[in-house]
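The block underneath contains the structure these notes are about, expressed in structure tokens.
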Amino acid sequence: MSQSIAARLDAVRSEMAKANLDAFIIPRADEYLGEYVPERNERMQWISNFTGSAGMIIILKESAAIFVDGRYTVQVKLQVDGELFQYMSLTDTPQIQWLATTLGTDARIGYDPRLHPLSWQKSAKSQLNKAQMALVAVDDNPIDLHWQDRPLASSAPAILFDEKRAGKSSQQKRQQIAAVVAESGADMALITSLDSFCWLLNIRGNDVPRLPVILGTALLTANGDMTLFTDVDKLPAGTSEHVGSGVSFKAESELKDALKELAGVKLLADQNSSNAWSQLIAEQAGAILIPGFDPVSLPKAQKNTTELAGMRACHIRDGVAVSRFLAWLDKEVESENFHDEGVLADKLESFRLEDELYKEPSFDTISAVGANAAMCHYNHNNGIPATMTKNSIYLVDSGAQYLDGTTDVTRTIAIGQVTSEHKKMVTLVLKGHIALDQAKFPRGTTGQQLDGFARQYLWQHGFDYDHGTGHGVGHFLNVHEGPQRIAKNSNDVALLPGMVVSNEPGYYRADEFGIRLENLITVRPCEALANAEREMFEFDVLTLIPMDSRLIDKSLLTDIELNWFNDYHRQVFDTLSPLMQGEELAWLAHVTQAI
């Protein structure tokens, strides 16, 4: 029988007392600092029952607080005992400042350096020092010491990803990235992002839900040699031949000793995405840290022709699967068979499961009816799934991991009769979607500069949405891939040919409804402007799935926008119709008719 949450808090506090700590910080993160965390590493969930994807817990001697963002203000109260935890805002209440005002001088704040980036460690240490408080690293995480029924690590073998799908050998990729390392003035790079070293070695795995990678950490030298520290028992026969010469594999437990041997080595490391533990050990051993971006991230984001061909192929098959689901859904609604969000999500996956290249969802499906769709990152698994109601709208945001690529699509669907207000808001979102899809922009343009294209029509009516407009997408890798993104407060990474990003403006009215229209698009040279004064780029759509014309107010569209909508649906029909038949084909023909 597992311990109660109160007993778990007591166990952590007993370890705090032994180490003379006044507080202990638990982030929603593991050693690899990625978005997705294996069940075995869900420490924040173990101590609180909270299942959200972001947050932080601070345990004090007599009390505790949980910090979550606006996505989880409802969920946290359903999952976390308010008598044991104080509910706090992750964004409005800076945690270190809260500690500085809550505790007195000379307080000792414990943290696990494996679970925080070096940038956080430096900032927290500086702030606490000013408050005459100490940030204290622990060697053994108190949760790990007391987690009695901790799930076992995945034993699934790594997948040797065929070079015919990858488009380049591991040796070619390592030489390419080694040149980036050398240019930075470093002798070696610390590669901690799981998708980065898996892309470099042309391997995939099953260690993390929704992300086809194996766990580990890599060191890449400026001559292209590489050591991967991982569970070597997972590597199938033929791995060394597959990755080519210059790669060695060692147990993850040997990483610490390897870092201690880097005296005098100039080590390139991303202080925002690599944990403090690895960099502090290297630095204490005499390594010279060179802060910089993960050298793999930008080349990985620019898909080669083979990767793009795989993305296009999987999007066509995914288009068929999702279209078949939408055809089924319309038929169920017509028969007044109203299902709950969980049944709908499972039914959608059942169509994808028929594809032999399908591996798993690329994220937990957002299947949201009515007011639930107003929570833009809603998860029906966090409560009791709601059932569709007549004369409403349904939002489904889903994606798939296929052996030849990764998909992510959102559609908003009419369930029965919809209101003129529904139509107005969907059409304003569609206008922004079209504006971004049709954008032409010079080399050097960032996602931040394009973000307003998607929001402009909502803004003109006094509306907006509180999430980014687009994120990068990997090739049978991370569905949320950096470094490029399209957002109000984006970074300075320019969009480059081969990058895949989402185009997903939305609108959310609390307690009423939510709208999002998402396609994946890829950056390509703009051939129509081949004689332009500057090198120009444009987007090419990958997602081919009907949008619900029942939700469109045609009077709000310009002729250009109307032509875009009808041309898109013609492309959808021409591409998908040879792969569909019977009633499903008839449905496709009907919903892609010009409006």
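The side-chain contact (heavy atoms from CB on, under 4.5 Å) test with Arg312 is passed by exactly one of Leu544, Asp540, Thr575: Asp540. No option in Val572, Val320, Leu326 other than Leu326 meets the side-chain contact (heavy atoms from CB on, under 4.5 Å) test with Ile545.
Atom CD of Glu583 and atom CG of Asp330 lie 12.0 Å apart (nearest 0.5 Å). A distance of 6.5 Å separates NZ of Lys300 from CG of Leu477, quoted to the nearest 0.5 Å. How far CD of Glu481 is from CG of Leu211: 10.5 Å, rounded to the nearest 0.5 Å. Atom CG of residue Asn478 and atom NE2 of residue His471 lie 9.5 Å apart, to the nearest 0.5 angstrom. Note that CZ of Arg317 is 8.5 Å distant from CD of Glu356, once rounded to the nearest 0.5 Å. Taking CG of Leu403 as the start and NZ of Lys359 as the end, the distance is 5.0 Å to the nearest 0.5 Å.
Within the 3.5 Å criterion, the main-chain N or O of Glu35 finds a donor-acceptor partner in the side chain of Arg28. At distances below 3.5 Å, not a single donor-acceptor pair connects side-chain atoms of Ser193 with backbone N or O atoms of Ser196. Listed for the Ser154 side chain is a donor-acceptor partner under 3.5 Å among the backbone atoms of Ala156. Asn519 contributes no side-chain N or O that, together with a main-chain N or O of Val409, makes up a donor-acceptor pair within less than 3.5 Å. A distance-only check finds a donor-acceptor pair linking the side chain of His433 to the backbone of Leu517 [under 3.5 Å]. Using modelled atom types, no side-chain atom of Tyr87 and backbone atom of Val68 make a donor-acceptor pair closer than 3.5 Å. With hydrogens and angles disregarded, a donor-acceptor distance shorter than 3.5 Å links the side chain of Gln79 to the backbone of Thr51. Although no hydrogens or angles enter the test, the distance criterion places a donor-acceptor pair under 3.5 Å between the side chain of Ser577 and the main chain of Phe573. Distance alone, capped at 3.5 Å, places no donor-acceptor pair between the Glu349 side chain and the Asp346 backbone. Here the side chain of Arg8 pairs a donor or acceptor atom with the backbone of Trp46 at under 3.5 angstrom.
The two residues Gln484 and Val473 come nearest to each other via the heavy atoms NE2-N, 4.5 Å. Closest approach of Cys526 and Glu538 over heavy atoms only: SG-OE1, 3.6 Å. Nearest approach of Asp574 to Pro578, heavy atoms of both residues: O-CD, 3.4 Å. Contact detail for Ser398 and Leu348: the closest heavy-atom pair is OG-CD2, 3.2 Å. Among all heavy-atom pairs drawn from Arg352 and Ala321, the shortest one is CG-CB, 3.9 Å. Annotation for Gly342 and Pro385: closest pair N-CB, 3.8 Å, computed over non-hydrogen atoms.
Counting heavy atoms from C-beta on, the side chains of Tyr36 and Asp364 never come closer than 4.5 Å. For the pair Ile515/Phe513, a side-chain contact is recorded, criterion being any heavy-atom separation below 4.5 Å from C-beta on. Counting heavy atoms from C-beta on, the side chains of Ile521 and Val500 never come closer than 4.5 Å. Between Tyr402 and Asp355, some side-chain heavy-atom pair lies under the 4.5 Å cut-off. The shortest distance between side-chain heavy atoms of Arg43 and Asp30 falls below 4.5 Å. A heavy-atom distance below 4.5 Å is found between the side chains of Pro546 and Ser323. Contact annotation: the side chain of Gln401 never approaches that of Pro361 to less than 4.5 Å [non-hydrogen atoms, C-beta and beyond]. Two residues are said to be in side-chain contact when any heavy atoms from C-beta on lie closer than 4.5 Å; Thr543 and Arg411 meet this criterion.
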* **Phe539 and Phe441: CA distance, side-chain angles, deciding distance, ring pair (Phe, Tyr, Trp, His ring centres under 6.0 Å) verdict** => CA-CA 10 Å; Phe539 293 118; Phe441 49 95; 5.2 Å; yes
* Asked: Does the salt bridge (Lys or Arg N to Asp or Glu O under 4.0 Å) test come out yes or no for Glu354 and Arg324, once each step is laid out?
  -> CA-CA 12 Å; Glu354 294 181 30; Arg324 292 179 63 205; 3.0 Å; yes
* **Full working for ring pair (Phe, Tyr, Trp, His ring centres under 6.0 Å) between Trp564 and His569** => CA-CA 9 Å; Trp564 180 96; His569 273 159; 8.3 Å; no
* For the pair Val523 and Leu496, evaluate side-chain contact (heavy atoms from CB on, under 4.5 Å) and give the outcome as yes or no after the intermediate values. => CA-CA 6 Å; Val523 182; Leu496 293 165; 5.9 Å; no
* Go through the steps to decide whether Lys164 and Asp162 satisfy the test salt bridge (Lys or Arg N to Asp or Glu O under 4.0 Å), and finish with yes or no. => CA-CA 5 Å; Lys164 289 176 184 174; Asp162 196 328; 5.2 Å; no
* From CA spacing to verdict: salt bridge (Lys or Arg N to Asp or Glu O under 4.0 Å), Glu421, Arg509 -> CA-CA 11 Å; Glu421 184 68 3; Arg509 186 167 294 172; 2.8 Å; yes
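When ring centroids are compared, Phe161 and Phe476 come within the 6.0 Å threshold.
With sequence neighbours excluded, the residues that form a ring pair (Phe, Tyr, Trp, His ring centres under 6.0 Å) with Phe50 are Tyr72. Under the ring pair (Phe, Tyr, Trp, His ring centres under 6.0 Å) criterion, Phe363 pairs with no residue at all, not counting sequence neighbours. In terms of the side-chain hydrogen bond (donor to acceptor under 3.5 Å, both in side chains) criterion, Ser362 has no residue partners (sequence neighbours excluded). In terms of the salt bridge (charged side-chain N to carboxylate O under 4.0 Å, His left out) criterion, Asp553 has no residue partners (sequence neighbours excluded). Considering only residues two or more places apart in sequence or on other chains, Phe463 meets the ring pair (Phe, Tyr, Trp, His ring centres under 6.0 Å) condition with Tyr507.
For the residue pair Glu518 / Thr410, a side-chain donor-acceptor distance below 3.5 Å is found, with atom types taken as modelled. Under 3.5 Å, the side chains of Thr407 and Asp318 contain a donor-acceptor pair of N or O atoms. If you check the side chains of Glu341 and Asn372, you find a donor sitting under 3.5 Å from an acceptor. Counted by atom type alone, Ser367 and Tyr394 present one or more donor-acceptor pairs between their side chains at under 3.5 Å.
Lys423 NZ: 12 or fewer foreign heavy atoms inside a 6.0 Å radius. Atom CD of Gln460 sits in a crowded spot, with more than 12 heavy atoms from other residues, nucleotides or ligands closer than 6.0 Å. More than 12 heavy atoms of other residues, nucleotides or ligands sit less than 6.0 Å from atom NZ of Lys440.
For residues 456-467, the set of pairs meeting the salt bridge (Lys or Arg N to Asp or Glu O under 4.0 Å) definition, not counting sequence neighbours, comprises Arg455-Asp464, Asp464-Lys488.
Comment: Arg165 does not engage Glu307 in a salt bridge, judged by the lack of any side-chain N to carboxylate O separation of less than 4.0 angstrom.
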